[in-house]
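To start, the structure under review is shown below, and the notes come after it.
All heavy atoms count here, side chains included; hydrogens, waters and symmetry mates do not.
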Amino acid sequence: MQIRQIIRKLWEEKPLVLILFLGILFRLLAVIFSKGFAFHDDEFLVLDPAGSWVDGYDYNHWLGGRPEMNNAPEGPSLFFPGLHYLILYYLKWRGMTDPQHKMYVIRGLLALWSLITITVGYKIANLFGGKKVARQAGMLLSILWFMPMLSVRNLVEMFCIPPLLLATWLAVNPERKEKLSTYFWMGILCGIAFNTRFQTSMFCGGFGLVLLFRKDWKHVFMFGFMVVATFFAVQGVVDLFIWGRPFAEFRAYITYNITNAHNYPTGPWYNYFLVLAGILVPPVSLFLMFGFFRSWKKYTMLFLPAFLFFAFHSIFPNKQERFILPMIPFVIILGCIGWNEFVDSSKYWQKHLRLLKGCWTFFWILNCIALPVISTMYTKRTRVESMYYLYHQKDLQNYMVEESFRDNVPQLPYFYANRWNFHPMEIEDKMSLYQAYLGHIHDSLVYQPNYVLFFGSDKIDQRVAAFKKAFPTTTYKTTIEPSYIDLLVCKMNPVNRNETVYIYKFDDRVVDFPDSIIHPKKL
């Protein structure tokens, strides 16, 4: 009873303390248990490049200086990978070498960073909607089913949220919104978000438009100047140093995305309406979306920046679910404010408060079932653990990937092997083992493989037997199984490949290539 009374007292008197406690608790679970990576970009466009720079390599050839490769800017912002570089460099200087141990630190820092979202979101909701609305919005920002897990991922879409919310808080805080210094700091914060994720320029434009509508000329100038200055101080200076001209990556990013707009998943203009309706869980998602769009005129500073961001992504052909993440806290905050205002003035809902309570109860039951599962899930486990196993093998020279039952060998995260000079030999569906090996050994600079990773269970016995005919010294080492969530995601959509991996070791000296294994399709 005493614990219950303490919780009730906190909920009534200091709800933010309780909300932050829950946020920290589930983020701590995610830091410890939610290993791996969620998408391609949070691993191969952030972590692997930063890790390679620390060790003196250039994993994605982003740093120029390689005329033989005809290097040119590829478009990514180096700001977020650069922050990872600084963290990883410090950890290496302190003697930490284990990749998984480094990731505990990085996930922990990202978890702390995400607490800004909870705190500032609560304050904005409290300012316009009072304690009841603030508690509702704060709980959603804290323990919405996917928030803790995504908060510890190396996602630019999540990292840019705190500076955007801080800029919003400065703009709406009645104690600060008339001060010129407010727009100085707003510009810096929006510049940081812009450097992190270029598409947040829509937020910057939204803030600027609201100030223009108000004819706050001094504030418009200060805000705009600091956004540009911050962007130049980071992106411009870095590009000037690497490529000899400012904003080279930014221009390349725009060119690449326009050129390849239809080469990635696409969808209709209403795609992100469906995404919001789904991930925020109906019927509550419909309440929040209604409250968000209903409040466009009354709370323009909260609505317009997020709406422009939403409209841009709805119009642009390339549509991936993670792109919309930066606006979700704004939908939650303004959605809670607008929905509760509507309920207070609605005769229907005032007569059906039990139905409304039932909707929220249904939402929280589903959320509480999913929350611990998602907060502790290990994503892309087979790829990460395969590389991590190789990290521990002191006799490792190089490795092969055998996936002869299909094409397209999955990209493996070298960060977890702590090696960057791999040139793995890959055996795919239409490739001869003999031809692949000959092509591999012709490169005298490449270490010869002495480990092989068999991806997938299809015809695994026949594939191993065929491999052993060429390499009789092949011996079994371990099996890496996918996590439960990887298996579920793969069943829901086979595009998300998460096969079992079988690791073998062999002598790097080829003995024989009998006709039976010249082409894997003969198996």
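Distance CD1/Ile332 to CE/Met327: 10.5 Å, rounded to 0.5 Å. Atom CH2 in Trp420 sits 7.0 Å away from atom CZ in Phe415 (nearest 0.5 Å). Summarising the geometry, atom CH2 belonging to Trp349 is positioned 13.0 Å from atom CG belonging to Asp344; distances are rounded to the nearest 0.5 Å. Going from atom CG of Leu18 over to atom CZ of Arg8 covers 12.5 Å, rounded to the nearest 0.5 Å. Phe26 contributes atom CZ, which lies 8.5 Å from atom OG of Ser142 (distance to the nearest 0.5 angstrom). With values rounded to the nearest 0.5 angstrom, Trp53 atom CH2 is found 5.5 Å from Leu63 atom CG.
Counting non-hydrogen atoms of neighbouring residues, nucleotides and ligands closer than 6.0 angstrom, the CZ atom of Phe273 exceeds 12 such neighbours. Other residues, nucleotides and ligands contribute over 12 non-hydrogen atoms within 6.0 Å of the CZ atom of Arg251. Within 6.0 Å of the OH atom in Tyr484, the count of heavy atoms belonging to other residues, nucleotides or ligands exceeds 12. Heavy atoms from other residues, nucleotides or ligands lying under 6.0 Å from CH2 of Trp360 number more than 12.
Under the 3.5 Å distance criterion, the side-chain polar atoms of Thr182 are matched with a main-chain donor or acceptor of Arg176. In terms of modelled atom types and a separation under 3.5 Å, the side chain of Ser483 and the main chain of Tyr378 share a donor-acceptor contact. A donor-acceptor pair is defined here as one N or O able to donate and one able to accept, closer than 3.5 Å; such a pair exists between the side chain of Ser285 and the backbone of Ala277. Side-chain N or O atoms of Ser34 include one that pairs as donor or acceptor with a backbone N or O of Met377 at under 3.5 Å. At distances below 3.5 Å, not a single donor-acceptor pair connects side-chain atoms of Thr382 with backbone N or O atoms of Thr500. Between the His84 side chain and the Phe80 main chain, a donor and an acceptor come within less than 3.5 Å of each other. For the pair Ser114 (side chain) and Ser151 (backbone), a donor-acceptor distance under 3.5 Å is absent. Using modelled atom types, no side-chain atom of Thr230 and backbone atom of Gly191 make a donor-acceptor pair closer than 3.5 Å. With Arg381 contributing its side chain and Glu481 its backbone, the two residues share a donor-acceptor pair below 3.5 Å. A distance-only check finds no donor-acceptor pair linking the side chain of Arg294 to the backbone of Phe290 [under 3.5 Å].
In this structure, Phe247 has its ring center closer than 6.0 angstrom to the ring center of Phe232. Tyr299 has its ring centre no less than 6.0 Å from the ring centre of Phe303. Ring centroid separation for the pair Phe312 and Phe309 does not come in under the 6.0 Å cut-off. Aromatic ring centroids of His40 and Phe44 lie under 6.0 Å apart. Proximity of the aromatic rings of Phe342 and Phe287 is defined here by a centroid distance below 6.0 angstrom, and this criterion is not met. Ring centers of Phe231 and Phe250: under 6.0 Å apart, within the cut-off.
Residues Val281 and Trp145 form a side-chain contact, since some pair of their non-hydrogen atoms from C-beta on lies under 4.5 Å apart. Here the side chains of Ile19 and Trp11 are in contact, with some heavy-atom distance below 4.5 Å. Side chains of Leu170 and Lys177 form no contact here, defined as non-hydrogen atoms less than 4.5 Å apart. Leu288 places none of its side-chain heavy atoms less than 4.5 Å from the side chain of Leu276. Contact check for Leu20 versus Thr119: side-chain heavy atoms found under the 4.5 Å cut-off. Residues Phe128 and Ser295 form no side-chain contact, since every pair of their non-hydrogen atoms from C-beta on lies 4.5 Å or further apart. Considering only heavy atoms from C-beta on, Tyr272 comes within 4.5 Å of Phe323 through its side chain. Inter-residue side-chain proximity for Pro15 and Lys131 is flagged as met; some heavy-atom pair is nearer than 4.5 Å.
Ring pair Tyr89/Tyr85 is tilted by interplanar angle, where 30° to 60° counts as tilted. Aromatic ring pairs are classed by plane angle as parallel below 30°, tilted from 30° to 60° and perpendicular above 60°; the pair Phe207 and Phe203 is tilted.
The two residues Leu140 and Cys336 make their nearest non-hydrogen contact at CD1-SG, 3.8 Å. For the pair Val501 and Ser386, the tightest heavy-atom approach, listed with the atom from each and the gap, is CG1-OG, 3.5 Å. Here the closest heavy-atom approach between residue Leu189 and residue Pro163 is recorded as O-CB, 3.4 Å. Contact detail for Tyr104 and Ile32: the closest heavy-atom pair is CE2-O, 3.5 Å. Across Val384 and Gly36, no two heavy atoms sit closer than the pair CG2-CA, 3.8 Å. Residues Asp42 and Asn154 approach most closely at CB-O, 3.2 Å, considering heavy atoms.
Of the N and O atoms on the side chains of Tyr391 and Gln100, not one donor lies less than 3.5 Å from an acceptor on the other residue. A donor-acceptor pair shorter than 3.5 Å cannot be found between the side chains of Glu249 and Tyr256.
Every residue meeting the salt bridge (Lys or Arg N to Asp or Glu O under 4.0 Å) condition with Lys298, not counting sequence neighbours, appears here in chain and number order: Glu341. With sequence neighbours left out, the salt bridge (Lys or Arg N to Asp or Glu O under 4.0 Å) criterion links Glu157 to Arg197, Arg322.
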Carefully, step by step, assess Asn418 and Lys102 under the rule side-chain contact (heavy atoms from CB on, under 4.5 Å).
CA-CA 11 Å; Asn418 202 29; Lys102 295 176 186 177; 4.2 Å; yes
Please report the C-alpha distance between Lys132 and Asn340 in whole Å, then the side-chain angles of each, then the deciding distance to 0.1 Å, and finally whether the side-chain contact (heavy atoms from CB on, under 4.5 Å) criterion is met.
CA-CA 9 Å; Lys132 175 187 171 183; Asn340 280 279; 3.7 Å; yes
Is there a side-chain contact (heavy atoms from CB on, under 4.5 Å) between Phe316 and Gln199 once you walk through the steps?
CA-CA 11 Å; Phe316 197 73; Gln199 287 86 340; over 6 Å; no
Walk me through it: do Cys190 and Met226 pass the test side-chain contact (heavy atoms from CB on, under 4.5 Å)?
CA-CA 9 Å; Cys190 286; Met226 290 313 300; over 6 Å; no
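Checked for salt-bridge contact, Lys218 and Glu178 miss the test: no charged N lies under 4.0 Å from a carboxylate O.
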